Trainee: 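Below is the structure I would like to discuss, written out as structure tokens.
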Amino acid sequence: MLLCFGFGFALSVTYASVNNHYLLELQQQAKQQQLSNERVWRLLLKYNKKTFGGVVSEADGMDFFNSPAGKTDPESELAATLASFFTPIEQLADGKEHPQCNFPARFKWLNQQLQFDPNRIQIQHCDRLNRWITTLDPVGVTLVFASYFLNNPASMFGHTLIRIDSRRTGPDNQLMNYGANYAAEPDTDNAFLYAMKGLIGSFEGRFAIFPYYTKVQEYNNWESRDLWEYQLKFTEDQLNMMLLHLWELGGTYFDYYYFQENCSYHVLSLLEIANPELHLKDQFFFSVIPTDTIKLVKAQKDLVKQVDYRPAVLTKMNHKRLHMTVEEQQLFLDIVKEKATIEDERFKRLPDASKALLLNAYMDYLQYLSMQRKTDKEVKIPRSVLLARSRLPISDDGNNQIAQFSTRPDRGHGTDRLQFGAGHNDHEPFLEFAYRPAYHDLMARDIGYDKNSEIIFMDLKLRYFLESERLRLDQAKFLAITALNPFDPLFNKLSWRLDVGIDTLRDHDCHYCNVFKGSYGRGLSYRPHFFSPLLLFSFADVKAEVSKGLKDYYRLGGDVEVGAYYDVAQNWRIKLSGSYQIFLLGETKLFFTTQFATRYAISQDLDVRLELNRYDHNHEGIFSVNYFF
């Protein structure tokens, strides 16, 4: 008995010493090859260069590292990772995965570089990982862009995720594929707190995987956002590497930054893992905005195979409404408002094609309405509607080619903007220089953007006055959002806007003194139909302004503004507006302002503009060139 025990103990010691010898051999080999400096290793561990030397990983969950110094030391992390691959299975806690299974992408890449000897390292069977890969059965990957949603601070700029296309589902059943998404895990429903915490990285961001149809249901049906799907070209080995890395990311988190380490940034990192020759994240410095990442991916040679449009449920409904006559539109509205039914003689007199069109639109509306309910009570399509539709001898309404109510994000202008201008006020000429990192204004070419809204963030303008030889801050828009919701009798949504920043007190002759101001307003807007070149708007705002140039240093009040945008041609837009300013507290004053503005787009990223403004008794005009990038 003792002899057997002694022999077994000697064998285990011998095997352990052989393993230790081979581990040291591999670690030395990795050091000689300088694998810790290789791009793939830096990508796998999310290392970025620090400003004053060294590197730091973006991953903030320490379980992502095998070395206590792994967050900032790639070489020690590589050595510790190799050591972890030799961990005896009996030393693992119950239910804990072996490091080879926790970090399969690292294992695969290190194996490719060092050619592990299976006789000297025990290769683990990763049952959970293998079942996961088998379930996904990847044959392709698609980058998905969900269009803008101003009601959610996290989605104002759009959102990107990936769809893992499976061999078993095929191209005709894409909803049954899986999707992968990086998103913040918020701890507040307050929009202001959400925005502030997102700016300073106070949320944990995590990757999640889910059935793709659940995101289609959320974006397409609940939020009514169009989806643009960009099918990407990767080899099966590249897809496998990306999914192995995605598996590794499931156990960690990242500090979520609204403008930097956001959904689009981390999706780009997955694509770089699949093909390390792609340098996508390197193209961004201050902000990573979904539309910019889509443009960047589309610009890569032979990376995008195909672009598909997945319209939202309201897009489908509005497409059908476009093909209705005026009488049919009124009948549709009456049915929705329960002022008429399909038993109405007006409906019975319609030809079958018009009946199908109206019933299909009504079912789209009910589907959308059902998604908006915050209770478990479902809005069901009436049985009479289903029966009436089933009895029509046509399979569709004859309008299969859906009109695109949104445009491809890769065709939009860049989100950063530089502006150079020259102008003249009542006193002297000036030069103007401006920069903003985001995003889109209503005078810009709206291809690739929501045509009825603008988001302006950190728009800084300087003016140099030629006669007085002074450089002044003319304007600093910290945040300005306008959502023009054109009148629709189905929904009756008000338009709204807010503006917070620093401006010049333009209705005073105080030598260009600045004013800190904030405003919020509601209003109405009207567009004859979705593709009409005319957009009318009106607003009533409340305002607060603070400045040394004001009597009592402040004034409170508001304004009433009316105006119009009109597209003379595809690249030519004009704006006319006028407002009546009313300040009743602090410095009291009543005065008018008017504006005429016109823009001509020379290309996707270049336009020229002319503005003529009147502020009470002061006037100014400016001609500017705007470059987007």
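In this text the structure is predicted, and so the values were computed from the model without any measurement. These values consider heavy atoms only, across backbone and side chains, with no hydrogens, waters or symmetry-generated copies.
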Trainee: Could you grab the distance from atom CG of N492 to atom CG of N485, nearest 0.5 Å is fine?
Mentor: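 N492 CG to N485 CG: 11.0 Å, rounded to 0.5 Å.
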Trainee: Side-chain contact, heavy-atom cut-off 4.5 Å: I342 with K355?
Mentor: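 When only atoms from C-beta onward are counted, K355 and I342 do not touch, as no gap falls below 4.5 Å.
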Trainee: Count the heavy atoms of every other residue, nucleotide or ligand shown that sit under 6.0 Å from CH2 of W222, and state whether that count exceeds 12.
Mentor: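 No - once you tally the heavy atoms of other residues, nucleotides and ligands closer than 6.0 Å, there are 12 at most.
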Trainee: Might you confirm whether atom CZ of F64 has over 12 heavy atoms from other residues, nucleotides or ligands at distances under 6.0 Å?
Mentor: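 Yes - once you tally the heavy atoms of other residues, nucleotides and ligands closer than 6.0 Å, there are more than 12.
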Trainee: List the steps and the verdict of ring pair (Phe, Tyr, Trp, His ring centres under 6.0 Å) for Y265 and Y182.
Mentor: CA-CA 9 Å; Y265 180 84; Y182 174 81; 8.9 Å; no
Trainee: Do K316 and N360 come within less than 4.5 Å of each other through their side chains, counting heavy atoms only?
Mentor: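 K316 does not reach N360 side chain to side chain.
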Trainee: Which word best sums up how the rings of Y309 and W228 line up, parallel for under 30°, tilted for 30 to 60°, or perpendicular for over 60°?
Mentor: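 Judged by the thresholds at 30° and 60°, the geometry between Y309 and W228 is tilted.
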Trainee: Identify, with sequence neighbours excluded, every residue that meets side chain to side chain donor-acceptor pair (under 3.5 Å) alongside Y566.
Mentor: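 With neighbours one apart ignored, the set is empty.
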Trainee: Checking salt bridge (charged side-chain N to carboxylate O under 4.0 Å, His left out) for the pair R408/D410: CA distance, chi angles, key distance, verdict?
Mentor: CA-CA 6 Å; R408 281 173 49 169; D410 61 283; 3.1 Å; yes
Trainee: Give the ring-plane orientation class for Y148 versus Y449, where under 30° counts as parallel, over 60° as perpendicular and anything between as tilted.
Mentor: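 Taking Y449 first and then Y148, their aromatic rings lie parallel (interplane angle under 30°).
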Trainee: Heavy-atom distance under 4.5 Å between the side chains of Q306 and D308, does that happen here?
Mentor: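 A side-chain contact under 4.5 Å exists here.
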Trainee: In terms of the angle between their ring planes, are Y627 and F629 parallel, tilted or perpendicular, with boundaries placed at 30° and 60°?
Mentor: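 Parallel: the ring planes of Y627 and F629 meet at under 30°.
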Trainee: Give a yes or no on whether the backbone of S532 and the side-chain of R527 come within a donor-acceptor separation of less than 3.5 Å.
Mentor: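 Pair found, side chain donor or acceptor close to backbone of S532.
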Trainee: Do any side-chain atoms of residues 202-210 form donor-acceptor pairs under 3.5 angstrom with protein atoms, and if so which ones, sequence neighbours left out?
Mentor:
residue, atom, partner, partner atom, Å
E204, OE1, R206, NH2, 3.1
R206, NH1, T252, O, 3.3

Trainee: Please tell me if the side chains of Q372 and Y368 come closer than 4.5 Å, counting only heavy atoms from C-beta onward.
Mentor: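 Yes - at least one pair of side-chain heavy atoms lies under 4.5 Å apart.
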Trainee: Would you check if the side chain of S370 reaches a backbone N or O of L366 as a donor-acceptor pair within less than 3.5 Å?
Mentor: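 No; judged by distance alone, with no hydrogens or angles, the pair does not exist.
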Trainee: Any chance the side chains of S147 and S406 put a donor and an acceptor closer than 3.5 Å?
Mentor: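 Distance-only check fails for S147 and S406.
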Trainee: What do you reckon, is CZ of F259 surrounded by more than 12 foreign heavy atoms closer than 6.0 Å?
Mentor: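 Yes, the 6.0 Å shell around CZ holds more than 12 heavy atoms from other groups.
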Trainee: Taking atom types as modelled, is there a side-chain donor on T315 or D226 under 3.5 Å from an acceptor on the other?
Mentor: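 Their side chains do contain a donor-acceptor pair, which is all the 3.5 Å distance test asks for.
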Trainee: List, one per line, each side-chain donor-acceptor pair under 3.5 Å for residues 278-291, sequence neighbours excluded.
Mentor:
residue, atom, partner, partner atom, Å
H279, ND1, D282, OD2, 3.1
Q283, NE2, H279, O, 3.2

Trainee: Less than 3.5 Å apart, any donor N or O on the side chain of H440 or D450 sitting next to an acceptor on the other?
Mentor: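 Distance-only check fails for H440 and D450.
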Trainee: Does any part of the side chain of L524, heavy atoms only, come nearer than 4.5 Å to the side chain of L494, both counted from C-beta?
Mentor: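 Touching, per the 4.5 Å side-chain cut-off.
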Trainee: In this structure, which one of K451, R573, R411 forms a salt bridge (charged side-chain N to carboxylate O under 4.0 Å, His left out) with D446?
Mentor: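 Of all the options given, the one that passes is R573.
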Trainee: Please name the residue in the list Y526, Y565, F487 that meets the ring-ring contact (aromatic ring centres under 6.0 Å, His included) test with F537.
Mentor: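 Looking at Y526, Y565, F487, the match for F537 under the ring-ring contact (aromatic ring centres under 6.0 Å, His included) is Y565.
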Trainee: Evaluate the criterion ring pair (Phe, Tyr, Trp, His ring centres under 6.0 Å) for residue pair F149 and Y219; output intermediate values, then yes/no.
Mentor: CA-CA 9 Å; F149 187 60; Y219 294 143; 8.8 Å; no
Trainee: Here's one to test your reading of the geometry: is the NZ or CZ of R497 within 45 degrees of the ring axis of F539 and under 6.0 Å from its centre?
Mentor: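 Because its charged atom sits under 6.0 Å from the ring centre and within 45° of the axis, R497 does stack over F539.
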Trainee: So which of D607, N626, D459 actually passes side-chain hydrogen bond (donor to acceptor under 3.5 Å, both in side chains) with Q419?
Mentor: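 The option that passes is N626.
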